Amino acid sequence: MEEKYNPEDIEKKWQANWEQRNLFAVKEVSSSPKFYCLEMFPYPSGKIHMGHVRNYVIGDVIARYKRMRGFNVLHPMGWDAFGLPAENAAIKHRVHPAKWTFENIDYMKSQLKKMGLSYDWEREVTTCKPEYYKWNQWLFLKMLEMGLAYKKASSVNWCPSCDTVLANEQVIDEKCWRCDNIVIQKKLEQWFFKITNYAEELLSDADALAGWPEKVVTMQRNWIGRSEGVEVDFRIVDSDKSIRIFTTRQDTLYGATFMSIAKKHPLVEELVKDEKTIKDIESLSEDPEKKEGVFTGFYAENPLTGDRIPIWVANFVLMEYGTGAVMAVPAHDQRDFDFAKKYDLPIKEVIVLENSAEARKRGSAEVGAGLAPAQAEKGQPQGLPLQAFEEDGILVNSGQFSNLHSKEAREQIADYLEQKGFGKKVVNYKLRDWGISRQRYWGTPIPIIYCNSCGIVPVPEDQLPVVLPQDIMLRGKGASPLAEAADFVNTKCPKCDAPAKRETDTMDTFVDSSWYFIAYALGGNDKINFTTKSNVGAIHELPLQYWMPVDQYIGGIEHAVLHLLYSRFFTKVIRDIGLININEPFTSLLTQGMVIKDGAKMSKSKGNVVDPDFLINKYGTDTVRVFCMFAAPPERDLEWSDQGVEGAYRFLNRIWGLVHKYSNELRVTGNGLKDKANSLVTRHSSLLRKTHQTIKKITGSIERDYHFNTAIAALMELVNEITAFNPDSANDRRVLKFSIRQMILLLSPFAPHIAEELWEQIGEKESVLKESWPVWDEEIAKEDEIELVIQINGKLRGKIMIPAGLDDDAVKEKAFSDPKIQEQIRGKTLKKIVVVKGKLVNMVV
RNA sequence: GCGAGAGUGGCGGAACUGGCAGACGCGCUGGACUUAGGAUCCAGUGGGUAACUCCGUAGGGGUUCAACUCCCCUCUCUCGCACCA
């Protein structure tokens, strides 16, 4: 055995060995339990960065650990290969997006292979290949059939200078990221997925995502933004029209003193004819800080009170939410309050604090008795509220509903409105339908044909895929680049055979990533097929049914909403198509923290990036893996430390030196213990005990919450103890061999290459990958002597060694007999004595 | 503003259901080996004190024999949402 640890040679050797034996390719085997371990696939931007390294190492440690625990582990990798950077590179460097993308994939794949990640590369998925995006198109057509895909006009961010559409992320302070010109909104016909149909299910199933971080579930809940309320029609005075409003606070309906409608509300255009008013409305501020409005000149009638209230256009009312119109209740809504103050509109109080309702009944009150508590304390004069009272309370000035609590009033008023036909109960969501049209080249063509006589015609299934044309010029100008590709655009109508034109928009790349986990389960790019006979039949026999759902998903928190919500949506749609019978794609989710250096996220612009290639060349991937796992628990941010990496390298060197020291003895077979040693001869070896304790501790750390940092710390303790061990009997040497064997096995998920090499060096023939995870023996792990802590009045006053398992009285006696303690308690009366089994004694004097 | 999370040595971080605060690593100090050490090994390392010991988990209060851990208040930081009616 070499004296020096040489990671470069070892890592090359074992990576070749694993590849040659094809160890990580998996099949559906019903006899063993499956485990689907998935990391978010990367966009092939050029090079792997430290964030990827951390993400993939976490996944790899889990995958390797689960294999040793006897699971049939699916651990795949692929490429989120469509996207804008490829197009930008094409424009900038005059290289085709496909060439750029595939070169990046080649390089990044070689990087991943150098990291020793245990992927089943046979299942690789590359979303920009026709075999993959064909199924994007197929799913699109299915969704069209199901009424889940539709087309409508909507506005997009448009840069007039670049003459192109921009994504939200490309608009910075309302300016184009590339040319700094002001971005405008432009109306375009776009395709949408009706994710709102699933809003209720996405929300209610979120409760069942027990394996997800609470934070992510909360973010999704907020994003879906469900709220229950009523829609109420307010008749417009001297007109046959009415305004429909949405409110969740129908208990304040009697306090509505004016209406606020959005600038873009259709009634504005219909009603307002006066030139000056139109101008004023147009020049309303967009600043969310300023509350501004314009009186339309029209009045509406409050259906409950019959009051005539003015209709205002207000800059803070959004057309996109609810009905684009609200009833304004200044006494109980801060925005309305500020607005009313500014324009001198009446404020009518209809909710008061519960205890002030009593006072009200005694007839003492005008407006103001329901002051917000803060003001009441400050002794503000009655009748001059300074802010709206937005909480629930008791209704006043509300006709038949007065004296009810807000909660009941909401029920009763809603029922009453429905009875009278003034309104109805509704549920509103903040979630919008998902616009998927992108006026870009490097994406999945939307499989639609426009025919002059037949209209919108879906491309027939048997004509899929609609292949993205390769010969195209990208200049960074013009709308959809595909529109310029005449051969692509001009086609025949599948229905009437007349000349027709293809849709030239491509799909949002989030479509690709919304079901890639299903593509892996089906066997990767070449094997995706949703239409074979067997897919229709016995669903439980399908690979999909075997592998799904993903047991452990690992990735960054930045995808907490979009990608993870879209994936949940797609899974439900694919279920409703009848291809799978699960409701949720990801059982457990681990959101790993960022990699930080010098207090900031690693980024090119900050110049604090660490290059994985450099580190792997210098220390080997095992060192990088160990450092990444040791420096912080996976969900927290990881502070990069070059010295910390050195420490990880030293640790592996120490292990190497340790095995080298005993390599000759270890190689001799027949003198090791069985892995589950329990012979009496070895009972009293403290190293044997430590080994069993370490197995227990590491297994616990991994099983509980994947806290690999404490797992490695425990392994370090074991290595320290083995290093200090001096074998001087045959029994000692047996313990030593056992201990070293276990140590290598425990190390193997973290540093698989050195583990394989050491395993071979101690004379093992089979790969460490074929070994089972070590098992501890509770009996051997048990301490036979414990350190008893003695406290007096809760303060540490002494420590003594006592045999384990003594009863309370014996423990007390031991504690009393300690001379130091006797001195401390001399002359004092003992009030109480507490014994904690196996830990401490506390005497209260 | 609302919501979520966090605050522990010089640093990264341990401490599982309340039971020795600081595991493990980095750094630092001293020593050994050495032509040399930025290699390796050994010892030490929260702060104050000569010492008995005392003080220490953002700050203040509380519960308890016992609090990093539970409860209340305050401060700071990070993230998410941000006129959602």
Side-chain angles (χ1 to χ4, degrees), chain A residues 213-223 225-227 229-230 245-250 252 256 259-260 262 287-291 314-318 320-329 332-336 338-339 390 428-431 557-558 560-561 591 593-594 596 626-627 630-633 635-648 650-651 653-654 657 697 700-701 704-705 707 709-720 723-724 787-799 831-845:
Chain A
E214 188 53 41
K215 182 188 168 116
V216 176
V217 178
T218 307
M219 281 167 74
Q220 292 212 352
R221 277 204 199 98
N222 293 342
W223 186 264
R226 181 185 200 274
S227 57
V230 289
I245 59 106
F246 172 71
T247 183
T248 56
R249 289 300 303 273
Q250 57 271 25
T252 64
M259 311 276 295
S260 304
D287 183 358
E289 289 301 305
K290 284 185 201 155
K291 302 278 171 282
N315 68 338
F316 60 87
V317 178
L318 307 169
E320 299 80 55
Y321 184 75
T323 59
V326 295
M327 62 171 191
V329 185
H332 306 292
D333 181 287
Q334 193 57 41
R335 292 159 304 180
D336 295 341
D338 295 341
F339 197 85
E390 295 184 319
N428 250 312
Y429 299 93
K430 282 198 262 184
L431 183 69
I557 186 90
E558 66 273 18
V561 178
T591 50
M594 291 185 297
I596 301 287
V626 167
F627 172 72
F630 178 63
E635 71 279 5
R636 278 221 240 167
D637 286 350
L638 183 154
E639 175 76 36
W640 190 262
S641 157
D642 292 333
Q643 282 143 344
V645 182
E646 294 273 356
R650 273 204 285 273
F651 171 57
N653 270 290
R654 271 190 5 251
K697 209 165 165 186
S701 288
R704 205 177 313 115
D705 43 18
H707 276 196
N709 55 331
T710 52
I712 291 172
L715 192 59
M716 285 171 169
E717 281 189 60
L718 178 63
V719 170
N720 290 345
T723 307
E787 191 180 45
L788 182 75
V789 171
I790 306 168
Q791 295 181 332
I792 295 172
N793 291 338
K795 305 223 176 202
L796 179 69
R797 283 295 177 269
K799 293 179 184 182
K831 285 188 199 145
K832 193 174 171 182
I833 184 159
V834 183
V835 179
V836 181
K837 269 237 157 5
K839 291 233 168 87
L840 63 69
V841 172
N842 188 13
M843 303 175 189
V844 186
V845 294

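Here the structure is a predicted model, which is why all the values come from computation and not from measurement. Chain A is the first sequence line, chain B the second, and so forth, proteins listed ahead of strands; every chain is numbered from 1.
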Handout entry: Side-chain N,O (A/Arg650) to OP1/OP2 (B/G27) below 4.0 Å
Key = yes

Exercise for the section: Classify the side chain of A/Lys291 and the base of B/C83 as holding, or not holding, a donor-acceptor pair under 3.5 Å. Expected result: yes

Problem - Atom CH2 of A/Trp640: over 12 foreign heavy atoms under 6.0 Å - result: yes

Exercise for the section: Taking atom P in both B/C11 and B/G27, compute the distance separating them and give it to the nearest angstrom. Expected result: 15 Å

Exercise for the section: Indicate yes or no for a side-chain donor-acceptor contact from A/Asp637 to the backbone of A/Met594 under 3.5 Å, with no hydrogens or angles considered. Expected result: yes

Fill in the blank from the handout: Taken to the nearest whole Å, CG/A/Asp333 to P/B/G1 is 18 Å

Fill in the blank from the handout: In whole angstroms, the gap separating P of B/C81 from CD of A/Gln220 amounts to 13 Å

Practice task
Determine the Euclidean distance between corresponding P atoms of B/G37 and B/G31; express it in Å to zero decimal places.
Solution key: 12 Å

Handout entry: side-chain hydrogen bond (donor to acceptor under 3.5 Å, both in side chains) contacts touching residues 835-845 of chain A (sequence neighbours left out)
Key = A/Asp808-A/Lys837

Handout entry: A/Gln791 (side chain) donor-acceptor with A/Leu840 (main chain) under 3.5 angstrom
Key = no

Problem - A/Glu214 or A/Gly225, whichever maps to the more 5' nucleotide of RNA chain B - result: A/Glu214

Exercise for the section: For the pair A/Arg335 and A/Glu390, find out whether any cationic side-chain nitrogen is under 4.0 Å from an anionic carboxylate oxygen. Expected result: no

Fill in the blank from the handout: Per-nucleotide protein contact along nucleotides 8-21 of chain B, 5' to 3', at a 4.0 Å heavy-atom cut-off (B base, S sugar-phosphate only, - neither), is ----BSS-B--BB-

Handout entry: Under-4.0 Å side-chain N/O to phosphate OP1/OP2 contact, A/Lys832 with B/C65
Key = yes

Handout entry: Atom-pair distance (NZ on A/Lys430; C1' on B/C2), nearest Å
Key = 10 Å

Practice task
Would you mind reading off the distance between A/Glu558 atom CD and B/C81 atom P, rounded to a whole angstrom?
Solution key: 12 Å

Practice task
Write down the distance separating the P atoms in B/C26 and B/A43, rounded off to the nearest Å.
Solution key: 14 Å

Practice task
Specify the glycosidic conformation (syn or anti) of B/G9, with syn defined as within 90° of 0.
Solution key: syn

Exercise for the section: Please say whether the positively charged group of A/Lys291, taken as NZ for Lys or CZ for Arg, lies over the ring of A/Phe339, i.e. under 6.0 angstrom from the six-membered ring centre and within 45 degrees of the axis. Expected result: no

Exercise for the section: Check whether any side-chain N or O of A/Arg797 sits under 4.0 Å from OP1 or OP2 of B/C54, and answer yes or no. Expected result: yes

Exercise for the section: Starting at atom CG of A/Asp642, determine the distance to atom P of B/G38, rounded to an integer number of angstrom. Expected result: 18 Å

Practice task
Please report the shortest heavy-atom distance between A/Phe630 and A/Asn709, naming the atom on each side.
Solution key: O-CB, 3.3 Å

Exercise for the section: Rounded to whole angstrom, note down the P distance from B/C70 over to B/C2. Expected result: 24 Å

Practice task
Let me have RNA chain B in dot-bracket notation, would you? Count Watson-Crick plus G-U wobble pairs, both distances under 3.5 Å, and use [ ] for pairs crossing earlier ones and | for inter-strand partners.
Solution key: (((((((..(((......[....)))((((((.......))))))(((....)))..(((((..]....))))))))))))....

Problem - Nearest-nucleotide comparison on RNA chain B, the residue closer to the 5′ end among A/Met219 and A/Thr248 - result: A/Met219

Practice task
For B/U29 versus B/G46, give the span between their P atoms, rounded off to a whole number of Å.
Solution key: 16 Å

Exercise for the section: Report the nucleotide, chosen from B/C55, B/C26, B/A85, that has the shortest atom-to-atom distance to any side-chain atom of A/Tyr321. Expected result: B/A85

Completion exercise
A/Trp223 atom CH2 is separated from B/A82 atom C1', nearest whole Å, by 12 Å

Problem - Distance below 4.0 Å between A/Asn222 side-chain N/O and B/A82 OP1 or OP2 - result: no

